[in-house]
Amino acid sequence: MSNNESNQNEHGILNFAALKTAIVNGEEQSIKELLPNQPMQELEKSYLIDLAKLNNKSHIVNLLEDIPVKQ
């Protein structure tokens, strides 16, 4: 793995962790800023939706359901 790939992977992990925290805290604006501008893996998307549902954040569930999925 090259250094660039390692940095991208670390950024992705940190971004995903920040996204999970924002969902739990109900920070809709932060979620909008953290969401990727590209399709997301189905597993990641379903995990985030489940997390929002567990925390009774229906407005965030709707936001997450609009994210396209990688094919």
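It should be emphasised that the depicted structure is a prediction, and the values quoted were computed from it without experimental measurement.
- At a threshold of 4.5 Å between non-hydrogen side-chain atoms, the residues L64 and L35 count as touching.
- Partners of T21 according to the side-chain contact (heavy atoms from CB on, under 4.5 Å) rule, which considers only residues two or more places apart in sequence or in another chain, are N25.
- Taking the salt bridge (Lys or Arg N to Asp or Glu O under 4.0 Å) definition, one finds that K32 meets it with E28, sequence neighbours left out.
- For the side chain to side chain donor-acceptor pair (under 3.5 Å) test, no residue two or more places apart in sequence or in another chain qualifies with Q38.
- Sorted by first then second residue, the salt bridge (charged side-chain N to carboxylate O under 4.0 Å, His left out) pairs that include residues 41-70, not counting sequence neighbours, number zero.
- V69 places none of its side-chain heavy atoms less than 4.5 Å from the side chain of Q41.
- Looking at L34 and F16, their side chains never come closer than 4.5 Å, going by heavy atoms from C-beta outward.
- Rounding to the nearest 0.5 angstrom, the gap separating the CD1 atom in I23 from the CG atom in N55 is 9.0 Å.
- Closest approach of I31 to A22, counting heavy atoms only: CG1-CB, 3.6 Å.
- In this structure, I67 CD1 and N37 CG are separated by 11.0 Å, a value rounded to the nearest 0.5 Å.
- The distance from atom CG of L48 to atom CE of M40, rounded to the nearest 0.5 Å, is 5.0 Å.
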